[in-house]
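Sequence lines set the chain letters: A, B, ... in the order given, protein chains first and strands last, and positions in each chain run from 1. Here the structure is a predicted model, which means the values were calculated and not measured.
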Amino acid sequence: MRIKVLGPGCTNCVNLERVTRRAVADLGIQATIEKVTDYPTIVGYGVMSTPALVVDEQLVLAGRVPTASAVRELLTARGGTTGASEVRPRARR
Amino acid sequence: MSVADHVPATRRGQVGLLGLAAASWLGAYVLNGQVWNGLLYDVVGLDPSARLTETLHFFVYDSIKIVLLLSGIIFLVTVLRSYMSIERTRALLGGRREGVGNVMAAGLGVVTPFCSCSAVPAFIGFVAAGVPIGVTLSFLIASPMVNEIAIGMLLTLFGWEITAIYILAGLTVAVGAGWVLGRLGVERWVEPFVFETRLGGQLVDPAAGLTFDQRIQMGVEEVGTILRKIWPYLLVGIGLGAVIHGWVPTSFFTTYAGADNATGVLVAVAIGVPLYSNAAGVMPLVQALYDKGLPMGTLLAFMMAVVALSLPEMILLRRVLKPQLLGAYIAVVATGIVVVGYLFNALLA
């Protein structure tokens with residue numbers, strides 16, 4: 001699973017990254033977490049309010065910092081059950 | 001550990017908890033003055049008429065009063081604002097022409113939840129959706145300048161007339177400045193990459209799909225976030241307010257910065273621009289200066305200059321605006337604020 005945290009580096013973006021790392025650790029999944037600070041790339045995902053979260057190139061959240069449990073739910077919905085990796089087909093809602 | 005873990009699961013429990021929170025807030029607000037009167041004057045036995053005591057009383061009483069007011073207002077504003085988003089605002093502004101667009105953008109700038117770190121993506125997103133540059137600038141000016149938290153504070157501290165003046169003045173500057181900049185044909189002063197960026201992907205509306213619990217939780221968390229961020233400004237503001245309240249004679253300000261002083265507003269704006277704080281942080285200072293007879297137009301100009309023109313936001317906007325447009329933006333907004341200051345000093349005199 002490839003996770004990207006989108007944001008220019010403000011407090012909220014740092015918070016979202018922390019919450020996401022905790023959610024990933026809680027779920028025990030394998031995931032890469034990457035920070036995207038470049039504005040054209042951020043807007044390229046359709047994001048206008050930062051911070052935002054992209055899972056496997058899909059925008060799943062924008063404009064707020066959720067709780068770690070909410071991120072856990074988002075990741076699980078995207079196929080992030082225990083042991084899931086990039087070979088697993090992407091789950092769609 | 002998040003707030004959500006402590007919230008009861010049943011609707012009745014939630015309403016009860018909210019009611020309890022509201023009641024303790026009201027109780028603390030009402031008791032604040034009496035507790036300090038009793039503690040400082042009766043228990044410690046300080047002389048209520050002594051200057052130092054008065055300053056101390058002002059400081060502790062005002063600190064708690066402002067923190068209580070801020071907490072209540074930030075909570076309410078955040079919960080209400082969670083129903084709006086930049087994405088919805090853009091959908092409303094798409095295809096609007098200048099004029100009507102400027103007025104709508106300024107109004108939406110007030111109610112849309114917006115953090116200055118989103119200024120650049122929002123600017124690019126608006127332009128990519130075909131919102132004219134001037135209309136986009138009206139939104140970006142109104143958003144920090146007419147701040148709901150400031151509205152709440154002004155309403156409780158100064159009454160509805162001054163609050164209405166503040167809202168009207170801020171909107172006028174935002175509409176006027178955005179319109180003037182739009183008329184200047186400033187597209188050539190926008191960094192080219194803005195026009196080349198295409199909005200891809202699927203839009204996620206932050207305002208959609210939230211439960212009421214989540215909105216309440218956002219409110220509680222926002223109170224913590226903002227108070228953690230602004231407490232140094234608050235303490236400095238209230239401290240300065242306390243010193244002014246106790247030690248500076250009223251005649252000092254009315255002589256040097258009264259309504260009849262032609263340069264008062266200019267000086268207030270010149271001091272306000274380099275200061276970086278938000279509306280909540282400058283409110284205690286504004287209150288103390290108002291008590292000392294400083295005219296409201298001058299104070300509103302000072303407050304607007306502090307919140308609307310700040311160095312960090314200018315640095316952010318420089319990413320999308322060329323220096324010419326950034327300079328024009330600062331000049332037009334500053335001029336608008338100065339005009340508002342003089343106008344209201346004249347009207348309220």
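- Atom-to-atom distance recorded for B/Glu221:CD and A/Asn15:CG is 9.5 Å, nearest 0.5 angstrom.
- Heavy atoms closer than 4.5 Å to chain A are found in both the backbone and the side chain of B/Phe126.
- A/Tyr39 is not listed as a side-chain neighbour of B/Val194, based on a closest heavy-atom distance of 4.5 Å or more.
- Remark: the backbone N or O of A/Thr50 is paired with a side-chain donor or acceptor of B/Ser118 at under 3.5 angstrom.
- Other residues, nucleotides and ligands place more than 12 heavy atoms under 6.0 Å from the CZ atom of B/Arg188.
- The 12-atom threshold is exceeded at CZ of B/Phe193, counting heavy atoms of other residues, nucleotides or ligands nearer than 6.0 Å.
- More than 12 heavy atoms of other residues, nucleotides or ligands sit less than 6.0 Å from atom CZ of B/Arg88.
- Between the CD atom in B/Glu222 and the CZ atom in A/Arg64 there is a gap of 13.0 Å [rounded to 0.5 Å].
- Sparse packing is recorded around CZ of B/Arg319, with 12 or fewer heavy atoms of other residues, nucleotides or ligands lying under 6.0 Å away.
- Heavy atoms only, all atoms of each residue included: A/Val47 and B/Pro121 are closest at O-CB, 3.9 Å.
- The parts of A/Pro40 that come within reach of chain B are both its backbone and its side chain, each placing non-hydrogen atoms under 4.5 angstrom from that chain.
- Within the 4.5 Å cutoff, no side-chain heavy atoms of A/Met48 are placed close to those of B/Ile124.
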